Undergrad: 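Here's a structure for you.
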2 protein chains.
Amino acid sequence: MASDVAADRTRVLEAADRLFNARGVQAVGMDAVRAAAGVPLKRLYAAFPSKDALVVAVLHRRSGTWDAGIAAASATAASPRERLLAVYDFLGEWFRSDDFRGCAFINAFGELGGVSPAVADAVRVQKESFQRYLAGLVAELGAPPALATQLALLAEGAQTTAAIGGSPEAAAHARAAAGTLIDAALAVPTA
Amino acid sequence: MASDVAADRTRVLEAADRLFNARGVQAVGMDAVRAAAGVPLKRLYAAFPSKDALVVAVLHRRSGTWDAGIAAASATAASPRERLLAVYDFLGEWFRSDDFRGCAFINAFGELGGVSPAVADAVRVQKESFQRYLAGLVAELGAPPALATQLALLAEGAQTTAAIGGSPEAAAHARAAAGTLIDAALAVPTA
DNA sequence: ATCGCCAGAGAACGACCGTTCTCAGGTCCG
DNA sequence: CGGACCTGAGAACGGTCGTTCTCTGGCGAT
């Protein structure tokens with residue numbers, strides 16, 4: 001009982017997340033996950049009944065760290081406008097981390113969305129949750145809801161652009177564009 | 001000589017593109033490509049020496065159809081501003097096609113970018129070419145170059161959002177945002 | 001001390017991968 | 001008509017995958 005199932009889950013999720021992020025999902029075998037996690041295969045399968053379940057769990061965990069990152073970045077922001085812009089500051093920090101290789105959800109959807117409904121759903125849920133977060137702030141701001149969708153497009157685009165081009169400054173560009181869109185939306189109350 | 005190597009290449013590229021788009025690259029075996037293309041395995045390997053080469057060739061072909069689509073959409077547009085906005089009209093049409101499942105380049109990068117430098121390069125080249133196209137129009141418009149980057153972010157974000165959420169209207173949102181950004185950039189000549 | 005139990009390491013399994021090889025059958029040239 | 005060549009179909013190969021099974025060694029209880 002020294003290593004309980006919950007501890008196994010954590011170790012496996014961390015290892016799998018790292019490996020999937022670096023090489024993609026299908027290029028990483030369960031044995032590589034086992035080796036990286038330092039957990040016997042039997043306990044791995046006790047914690048996650050299949051690779052598909054492991055992938056979904058990794059995505060779920062990523063949702064949590066994403067939410068926490070956004071919350072931390074917006075903690076110091078005073079107004080809704082600044083909280084919206086803080087999203088792009090968070091992206092900028094993330095893009096600069098050594099192991100950044102794009103949004104895990106976008107990557108997983110591209111790789112597995114066509115063959116694994118569970119993965120496709122997990123990705124959809126996360127993106128909808130992010131949209132709702134933006135929509136809440138936009139509503140606080142008193143701007144039309146369409147602004148939230150536009151700001152989300154900038155965030156998604158920044159993630160793929162930063163990953164493919166290796167250009168973390170995409171976050172700053174997105175932030176600048178977001179500021180322009182917010183100002184324009186507030187200038188015309190109901191267009 | 002009834003079926004020449006060039007004809008084989010075309011049939012294989014079309015079949016592979018369809019399959020890769022629907023299921024992802026790694027989930028599609030070379031035998032499935034052969035069956036869908038109706039070409040013997042030997043001729044398949046005569047046309048493409050490896051799966052990696054096939055993937056790169058598929059991406060290269062997609063670049064061509066992308067460029068053609070953009071060109072067609074902007075053909076009726078009179079001004080640089082309208083040609084920029086035509087990009088999002090093109091996206092909207094594409095998003096509404098039955099087999100749309102996201103940008104092949106973004107998907108391929110997420111799946112293979114970490115393990116296949118050739119694929120990563122092909123994706124990077126295409127995205128840079130798109131950026132250059134936008135930059136040209138933005139220059140014609142007399143707006144600062146940063147606008148082109150911002151417009152690219154919107155286009156990229158629209159592609160992933162439309163794919164994941166199954167929401168083709170992402171193109172219209174991106175178009176509206178693009179209009180706002182263009183107007184703002186022109187209002188302040190050099191900020 | 002002995003027996004029963006459980007956990008860990010890794011072998012085993014069936015399936016499928018990308019790629020190459022075999023071989024039968026047909027086609028052209030002399 | 002005969003034989004050299006080429007083609008297509010698919011078997012074969014070595015490897016790896018996800019998943020399960022076996023076996024061995026150590027531990028706790030009696």
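Note that the coordinates shown come from a computational prediction; the quantities given were computed from them, not determined experimentally. Lettering of chains follows the sequences in order, A, B, ..., and the numbering in each one begins at 1.
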Undergrad: When you compare the side chain of B/W66 with that of B/S63, does any pair of heavy atoms fall below 4.5 Å?
TA: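 Of all side-chain heavy-atom pairs linking B/W66 with B/S63, none is under 4.5 Å.
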Undergrad: To the nearest angstrom, how far is B/D8 atom CG from D/dT7 atom C1'?
TA: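 From B/D8 CG to D/dT7 C1': 12 Å.
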Undergrad: Does any donor-acceptor pair link the side chain of A/K42 with the base of C/dG8 at a separation under 3.5 Å?
TA: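 It does, because a donor-acceptor pair links the side chain of A/K42 to the base of C/dG8 below 3.5 Å.
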Undergrad: Measure from CD on A/Q26 to C1' on C/dC16 and round the result to the nearest Å.
TA: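 Between C1' of C/dC16 and CD of A/Q26: 13 Å.
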Undergrad: How many Å lie between CG on B/D31 and P on C/dA15, as a whole number?
TA: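 Rounding to the nearest Å, CG of B/D31 and P of C/dA15 are 16 Å apart.
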Undergrad: Please report, rounded to the nearest Å, how far the C1' atom of D/dC17 is from the CD atom of A/E111.
TA: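 Taking atom C1' of D/dC17 as the reference, CD of A/E111 is at 14 Å.
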Undergrad: Rounding to a whole Å, what distance do you find between A/Y45:OH and D/dT19:C1'?
TA: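 The answer, rounded to whole Å, is 5 Å.
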Undergrad: In whole angstroms, how far is the P atom of C/dC13 from the CG atom of A/L41?
TA: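 Distance, rounded to whole Å: 16 Å.
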Undergrad: From CZ of A/R34 over to P of D/dT20, roughly how many Å is that when rounded to an integer?
TA: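 From A/R34 CZ to D/dT20 P: 16 Å.
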Undergrad: Please classify the nucleic acid contact of A/V33 as base, sugar-phosphate, or nothing, using heavy-atom distances under 4.0 Å.
TA: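 Contact class for A/V33: none.
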Undergrad: For A/E111 and A/V25, work out which heavy atoms get closest and say how close.
TA: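 Closest heavy-atom pair between A/E111 and A/V25: OE1-N, 3.2 Å.
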Undergrad: Only one of B/T161, B/T160, B/I164 forms a side chain to side chain contact (heavy atoms under 4.5 Å, CB included) with A/K127, so which one is it?
TA: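 Looking at B/T161, B/T160, B/I164, the match for A/K127 under the side chain to side chain contact (heavy atoms under 4.5 Å, CB included) is B/I164.
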Undergrad: Looking at C/dG8, I'd like to know if its phosphate oxygens (OP1 or OP2) sit under 4.0 Å from a side-chain N or O belonging to A/R43.
TA: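 Affirmative; the distance criterion is met.
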Undergrad: Atom NZ of B/K51 to atom P of C/dC16: distance rounded to whole Å?
TA: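 The distance from NZ of B/K51 to P of C/dC16 comes to 14 Å, rounded to the nearest Å.
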Undergrad: Check the orientation of A/F95 and A/F100. Use parallel for under 30°, tilted for 30 to 60°, and perpendicular for over 60°.
TA: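 Ring orientation of A/F95 relative to A/F100: tilted.
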